[in-house]
Amino acid sequence: MSTDFQKAREELGRRLRALRTESPRGPLTGTALSAALGWSQSKVSKLENGRQTPTAEDLRAWADATGHSGVYEELHGRLKGFESHIRSWRRQLSSGHRPVQETWNAVTADARVLHVWDSFAVNGLLQTPDYARHVFECYATLQKSRRDTEDAVRARMDRQRWLYQPGRRLNLLLWEGALRAQVCPPEVLAGQLDRLMGVVGMDTVRLGIVPFNTALLLPPANAFWIVGEQLVITEDWHAELWLDDSPTVALYLRVWESLSESAVFGAEAQRVIARARQAIPA
């Protein structure tokens, strides 16, 4: 969980405490408020100390119980502000993978330039349908989410039209491990690597591969997207992080540039891809 997120949650907790102690009906103790709401006292304490994220319903109940019904919109705005940066997979995938893909399509639609680092799988903008299908199945199993694989694949393939629009530029770096990760059957991986071979030299794509045997300025950590140099999207097992403050975007751009210094491009990149293809088990 990000430091910015935790700070925002703590600030909301302080605001909730102030509403309790400054109730127009007289100061309320935590015990009295928990009794009025039918909550445990520990829940009140966790919310006030920024150790639990309230729901919108929690905030409405708190505002009403403390006699500050008029501040609900302010509280809800705070919640939406910091929740928008931490997008849990549990919530996002409640309706399946297709809505998540459509959100990504909307986010990238107007971007002219993307800087991407992928360390664990081939990037979605260059995936074949068969490869994408197996990736979605892996994550649906992990997250125990609704299986709408074919709809999700179609949405991901629709996003790839971005590559064929004038003025677009995908600056993509791939860790060699992403070429070798057997998240699909050998024949599917072979087809995916053939697709990558054909992408090298494409006008709208600058594809760099960071080989295993190259010197690194930074460890090959989590994958991330920089969308138009205004938004960073990165992910962990539990959530996506959407980061839009200028210093953070600048940091990720420096990370991308550092990784690019270790990458190979053009014919050298094709040679690394060819080695990975030759290593696929028969």
Side-chain angles (χ1 to χ4, degrees), residues 1-104 106-107 139-148 152 222 224 230-249 251:
M1 190 173 294
S2 75
T3 300
D4 289 344
F5 173 81
Q6 182 57 31
K7 286 180 179 178
R9 195 164 68 166
E10 290 169 358
E11 288 173 4
L12 178 57
R14 285 192 286 271
R15 178 68 170 129
L16 294 176
R17 183 184 299 112
L19 294 175
R20 173 176 63 79
T21 59
E22 298 169 10
S23 171
R25 303 165 187 166
L28 290 170
T29 64
T31 302
L33 180 59
S34 63
L37 293 170
W39 297 350
S40 67
Q41 191 171 352
S42 66
K43 178 174 179 177
V44 170
S45 175
K46 287 177 180 178
L47 290 175
E48 289 190 349
N49 288 289
R51 290 185 283 114
Q52 180 174 325
T53 303
T55 65
E57 292 75 20
D58 290 340
L59 296 178
R60 172 77 73 184
W62 192 291
D64 291 345
T66 59
H68 295 284
S69 298
V71 305
Y72 168 72
E73 292 301 329
E74 173 218 323
L75 298 177
H76 192 221
R78 288 176 181 243
L79 177 64
K80 288 193 297 184
F82 68 75
E83 273 201 332
S84 66
H85 291 75
I86 306 283
R87 303 166 67 91
S88 78
W89 290 122
R90 177 176 56 80
R91 293 186 185 181
Q92 289 196 81
L93 295 175
S94 61
S95 299
H97 283 267
R98 180 184 59 80
V100 176
Q101 293 306 300
E102 290 178 342
T103 296
W104 270 83
V107 167
Y139 285 116
T141 299
L142 173 68
Q143 301 291 348
K144 299 180 180 178
S145 58
R146 178 170 169 250
R147 290 183 184 272
D148 60 344
N222 283 18
F224 60 84
Q230 294 154 350
L231 171 69
V232 171
I233 303 176
T234 185
E235 63 183 64
D236 212 323
W237 294 111
H238 73 297
E240 280 183 334
L241 309 183
W242 288 41
L243 311 167
D244 58 6
D245 60 290
S246 296
T248 297
V249 174
L251 171 64

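Computed from a predicted structure; not experimentally measured.
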note = Residue set satisfying salt bridge (charged side-chain N to carboxylate O under 4.0 Å, His left out) with R15, at least two apart, ordered chain then number -> E74
query = Can T103 and Q92 be said to form a side-chain contact (heavy atoms from CB on, under 4.5 Å), step by step?
reply = CA-CA 10 Å; T103 296; Q92 289 196 81; 5.7 Å; no
Side-chain donor or acceptor of [X] paired with backbone N/O of [Y] under 3.5 Å:
{"X": "H85", "Y": "L241", "result": "no"}
{"X": "W62", "Y": "L16", "result": "yes"}
{"X": "S45", "Y": "Q41", "result": "no"}
{"X": "R87", "Y": "E240", "result": "no"}
{"X": "N49", "Y": "E10", "result": "no"}
{"X": "D148", "Y": "H97", "result": "yes"}
{"X": "Q143", "Y": "W237", "result": "yes"}

How many angstroms lie between atom [atom1] of [X] and atom [atom2] of [Y], to the nearest 0.5 angstrom?
{"X": "N222", "Y": "T234", "atom1": "CG", "atom2": "OG1", "answer": "5.0 Å"}
{"X": "T66", "Y": "L19", "atom1": "OG1", "atom2": "CG", "answer": "5.0 Å"}
{"X": "R51", "Y": "K43", "atom1": "CZ", "atom2": "NZ", "answer": "14.0 Å"}
{"X": "E11", "Y": "R78", "atom1": "CD", "atom2": "CZ", "answer": "7.0 Å"}

Lys/Arg N to Asp/Glu carboxylate O, E48 vs R20, below 4.0 Å = yes
Which atom pair, heavy atoms only, marks the closest approach of [X] to [Y]?
{"X": "L28", "Y": "L33", "value": "CD1-CD1, 4.3 Å"}
{"X": "T53", "Y": "L47", "value": "C-CD2, 4.2 Å"}
{"X": "F224", "Y": "V232", "value": "CB-CG1, 4.5 Å"}
{"X": "S88", "Y": "A239", "value": "CA-CB, 3.7 Å"}
{"X": "S95", "Y": "R146", "value": "O-NH1, 2.9 Å"}
{"X": "D64", "Y": "S69", "value": "OD1-OG, 2.7 Å"}

[Y] and [X], any side-chain heavy atoms less than 4.5 Å apart:
{"X": "L75", "Y": "L12", "answer": "yes"}
{"X": "W242", "Y": "I86", "answer": "no"}
{"X": "V107", "Y": "L231", "answer": "yes"}
{"X": "W104", "Y": "I233", "answer": "yes"}

query = In this structure, are over 12 heavy atoms from other groups packed under 6.0 Å from K46 atom NZ?
reply = no
message = Does either side chain, that of S42 or that of S40, offer a donor lying less than 3.5 Å from an acceptor on the other one?
response =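 Result is yes, a qualifying pair exists.
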